[in-house]
Protein chains: 4
Amino acid sequence: MEVKQLSRREREKLRQRQEMLAAALDLFSQKGYHNVSMAEIAQKAEFAIGTLYKFFQNKEDLYKALLLELCEEFEVSISQAIEQPQDEVEKLRSFIRAKTEVVRRNLPVIRLYLAESRGASFNIKAGLDDEIRNRFYLSLEKIAAIFASGIKNHRFKNIADPYYLAVALASVIDATLLLWLDAPERHPYPENPDTILDLFFKGLLEP
Amino acid sequence: MEVKQLSRREREKLRQRQEMLAAALDLFSQKGYHNVSMAEIAQKAEFAIGTLYKFFQNKEDLYKALLLELCEEFEVSISQAIEQPQDEVEKLRSFIRAKTEVVRRNLPVIRLYLAESRGASFNIKAGLDDEIRNRFYLSLEKIAAIFASGIKNHRFKNIADPYYLAVALASVIDATLLLWLDAPERHPYPENPDTILDLFFKGLLEP
Amino acid sequence: MEVKQLSRREREKLRQRQEMLAAALDLFSQKGYHNVSMAEIAQKAEFAIGTLYKFFQNKEDLYKALLLELCEEFEVSISQAIEQPQDEVEKLRSFIRAKTEVVRRNLPVIRLYLAESRGASFNIKAGLDDEIRNRFYLSLEKIAAIFASGIKNHRFKNIADPYYLAVALASVIDATLLLWLDAPERHPYPENPDTILDLFFKGLLEP
Amino acid sequence: MEVKQLSRREREKLRQRQEMLAAALDLFSQKGYHNVSMAEIAQKAEFAIGTLYKFFQNKEDLYKALLLELCEEFEVSISQAIEQPQDEVEKLRSFIRAKTEVVRRNLPVIRLYLAESRGASFNIKAGLDDEIRNRFYLSLEKIAAIFASGIKNHRFKNIADPYYLAVALASVIDATLLLWLDAPERHPYPENPDTILDLFFKGLLEP
DNA sequence: TATGAATGAGGCTTCATTCAT
DNA sequence: AATGAATGAAGCCTCATTCAT
C-alpha cells in the first residue's frame, strides 16, 4: 500500500493538514465562509498564517479542499452502502442509513454541504465548484441506477424517470435532515429508513 | 384603491426603490451577497451610493428587503392558489402550478430564496433572518393542512405526519427546480404538476 | 434707529436666522461641532437644508456666526458692566457679576466659548477664528485697563503686569465656572463676586 | 531593571508605537482630532494603515493612548516635584516649575491636553474620557492638599477652600501658558515661578 | 423663494496575502 | 521550514453641498 510508504515527515504533514482543515471546517460551518478570516483559522489550528499558506494556495483553495474531503467521505460511505449485493429496496434502505450516518458524524458541515451541493452557494468563484457539483450528480446517478434496476426487475412501477426518482429521494432526505437540524426535539430524525421510504414505496412497489 | 392615491412623488420613489432592488437582485443572485459591493449595486441601478442609503439603512437591510419582497410574492401566489374551494388533490395541483409560476417569474432569486429559507445562508446576521425562515415555515403549514384535510376525508392514506408530507412535497418541487436551473435542456421543467404529484399520489390515494 | 426701518420681510428673515442659530447652538454645545450634521440642524430648526444654506454659506460659516453672536453678547454685557462710573474694585465686581450672568443665560455654550476663546478648538480652519480670538483679547484689555488704573491710583499694589492680572482673573472665573458645570452640587457657583476677588484683593489692596 | 529584559523584538515594537504616537500627536495638535485621517497618520509615521491598526484598535483608541501617555508624564513629573520634603511654599514653586517643564517638553499637545482636561472636547465618545478627566482631578487634589496643609500650619490665610485655591492656581498657570503659546515674544513665559505665585502669596501669606 | 433629493468624495476599518527573518 | 509583521486594496457608510423643481 502507498500509505505505508509515507515517511514520518510526510505523515506529520498530513496530520497538520488535517488539523487545519478541522479548524477551518469548524469555523466555516459556524459562521460561513465570508465571516471567517485566515487569521482566525490559523489561530484555531495553532499554526502561523504563513504555514496555512504553505498547505493551501489561498482561502478558496482551503475551502475547496474542505468540501472535497467531505465529498469523499460522503461518496465512500454511500458507495459502500449500495455496492453490497442486495435487492434494490434494501440498497435504498442502506443508502438512507449511510447518508444519515455520515450526517451524524459531520453535523457541523451539513449546511455547508447542502448549500454547495444544491447550488445556493457563492463562496467559490464561478467555475471552481464544478467539481463538487459534478461529484454530487455522479452519486445521484448511482441511486438512479438502483431505481432503474428496480424498474427493470419489475419491483418498482415505472412512474418516473429514475434520475428524477433519485433526486426526489435525496431531496426528501435532505429536507428531513434540515427540519431536524432546525428543531431536533420537535422534528426528531427518523431512526427507521422506512419512514422516508414509505413515502415512495407505497406507490412505487408493484401490487 | 389606495394605490391610486400615491402622489407623483411617492410613485417616483417607489419606482426608484424597485430599480434599486432589481439591480441588487440581479447582482446578488449572480455573485452572492458577499461578492457584490454597494458601489456595484449603485452603479448598476444608476444612482449614487448615497441615494442607495436613503432607501436602505445598510447592505443587510437592502438584502433583507429583497428577500421579504420575494417572500411576499411567494406567499400571495400560493395562498391564492390553495384558497380556492377545491378538493385536496386539486389544491395540491394548484400549489405546484403557483410555485412553478412564481419561480418562472423570479428566476434569478430562486437560489437566494432557497438558501435563505433552507438555512444554508450566513449572509444575514443571526436573528435577522428569523422572519424569512418563519414565513417559510408558515406557508409549509398551509400545505400540511391540505394533507391533514385529505387524510381526514379519507382521500389520502395516513402514511406520515402531514407536516412531513408538506416538507417532502416542497423539497421535491425545489429539487426539480434546481435540476432544471442547472441544466434546463437536459432536465426540462415538467409542465404538468402531476409529474411531481404522481410520486406521492400513487401511494397516498386510497385504492 | 436702523432697526425700525427693517421691513416685515427683513424682520422675518432675522427671526428665521435666530431660530437656525438657536438650533445649531443647542446641538453643537451638546455634541460638538464635528458630531452634528447640517441635516440635524435643519431638522431641529424646522427648515429645509437648502434654506440653511441660503442663510449661511457653509457649516463653518454657521459656526462662526454662532460664536460671533455669543461674543457680541459677552462683550455688550461686559462693556456695560465696566463702563459705569465706579471705582476699580466695584468695576471688577461688576465684571464678575456680568460674566456670571451671561454664563447663566448661555449655559449650553459655555464649553464652546471657552474652547474657542482659549484656543483649544480645531473646529474652524486655521485663520478663520482670528476674529474671535482677537475680540477675546480686546475684552481682556478692557479688564487690564481697570487694573492699570487701579495701580495708577494706588488702590492696587503693582505686583504684576495689568494684562497678566486680567488674564489671571478671567481664567480663575472660567475655572470656577467649569468646576460648577462639571458638578453643580459639589461646587456651587459663588453668588458673591468677592469669593473670587478675595483671592486677588487680599494681596492686591494696599495695606 | 525590567526595561533591559525587553527582547529586541519588543523594543522594536515599542519604538514603532512611539513613532506612531509621535506622528499622531503632531497632526492632532496641529489640526485637531477630526481633521486628521488615519491615512494621514500612517503616512506621516511611514507605516501602512494596517500596521497602525495592529497597534491601536481604532482612531479613538490611538487618541486615548496619546492623552494617557501625556497624562502619565504630567503626573509623574508633578508627583515627584511635590513629594520632596519641603515646606508648602517651596512645594508650590516646584509644582509650577515641574508643570512648566513638562509643557516645554510637550509643547504640541498642550492644547489637546487642556481641551480634554478642561472639558471642551467632543473628540472622545461619552464615558471614555472619564479616565483622563478623573486623573486631572486627582492631581488637582494633590495641590489642594498642599494648600490645606499650609492653612493648617498657619503659613497661609484661610481665605478659600483649598480645592478652589488649587483650581485657581492651575488655571492661572494654564492661562499664562496659553498666552505664551499664542504670542511667545509678546508674552514671554515667566522663568521664575514667583511671578505666578506672587499673585496668590501676597495675600495668602500670614503677615 | 424654499425645498430636500441626489451626489460622491472621503473617512474608518478589515483581511487576504506576501516575504524577510 | 515556519513564522507573523507588514502591507494596502477594497468595502461600507456619512454627510457637506448642490440644484432642479
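A, B, ... follow the sequence lines: proteins, then strands. Residue 1 opens every chain. These values consider heavy atoms only, across backbone and side chains, with no hydrogens, waters or symmetry-generated copies.
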| query | Out of E:dT14, F:dT7, F:dC12, which nucleotide sits closest to the side chain of D:A48? | reply | F:dT7

| said: Heavy atoms from C-beta onward define the side chain here; which of E:dT13, F:dT17, F:dA6 lies closest to that of D:F55? | reply: F:dA6

| message | Output the rounded distance in Å from CD (D:E12) to P (E:dT21). | response | 11 Å

| field | Whole angstrom value for the distance that separates P of F:dA9 from CD of B:E40 | value | 19 Å

| request: Please state how far atom CD1 in A:I41 lies from atom P in F:dG4, giving the value in whole angstrom units. | output: 17 Å

| When the nearest nucleotide of DNA chain E is assigned to C:G50 and to A:Y53 on a heavy-atom basis, which residue is associated with the more 5' position? | C:G50

| request: With DNA chain E as reference, determine whether B:L52 or D:A39 sits nearer its 5' end, using the nearest nucleotide of each. | output: B:L52

| message | For C:L27, is there any backbone N or O sitting under 3.5 Å from a side-chain donor or acceptor partner on C:Q30? | response | no

| task | State the pairing partner of F:dT14; accept Watson-Crick or G-U wobble contacts with both distances under 3.5 Å, and report none otherwise. | result | E:dA9

| query | In whole angstrom, what separates A:Q43's CD from F:dA5's P? | reply | 12 Å

| request: Please state how far atom CZ in A:F47 lies from atom P in E:dT17, giving the value in whole angstrom units. | output: 19 Å

| request: Select base, sugar-phosphate, or nothing to describe what C:T51 touches, counting heavy atoms under 4.0 Å on all strands. | output: base

| message | Output the rounded distance in Å from CE (B:M38) to P (F:dT14). | response | 10 Å

| query | Under 4.0 Å between a side-chain N or O of B:Q16 and OP1 or OP2 of E:dA6? | reply | yes

| task | Take D:K13 and C:N58, find for each the nucleotide of DNA chain F with the closest heavy atom, and name the residue whose nucleotide sits nearer the 5' end. | result | D:K13

| note | Testing E:dT17, E:dT13, F:dC13 for proximity to the side chain of D:K59, the answer is E:dT13

| said: What is the separation between atom CD on D:E10 and atom P on F:dG4, rounded to the nearest whole Å? | reply: 14 Å

| task | Provide the Watson-Crick or G-U wobble partner of E:dA20, both distances under 3.5 Å; none if there is no partner. | result | F:dT3

| request: Please determine, for the side chain of D:I49, which listed nucleotide (F:dT3, F:dG8, E:dC12) has the closest atom? | output: F:dG8

| said: With rounding to the nearest 0.5 angstrom, report the CZ to CG distance, B:F56 to B:D61. | reply: 7.5 Å

| remark: From the list D:Q18, D:E12, D:E19, side chain to side chain contact (heavy atoms under 4.5 Å, CB included) with D:Q16 holds only for D:E12

| Rounded to the nearest 0.5 Å, how far does CG of C:L25 lie from CG of C:L67? | 9.0 Å

| request: Compare side-chain N and O positions of C:K54 against OP1 and OP2 of E:dA2 and report whether any pair is under 4.0 Å apart. | output: no

| To the nearest Å, how far apart are B:L27 CG and F:dG11 P? | 13 Å

| query | Hey, is the main chain of D:E40 close enough, under 3.5 Å, to the side chain of D:Q43 for a donor-acceptor pair? | reply | no

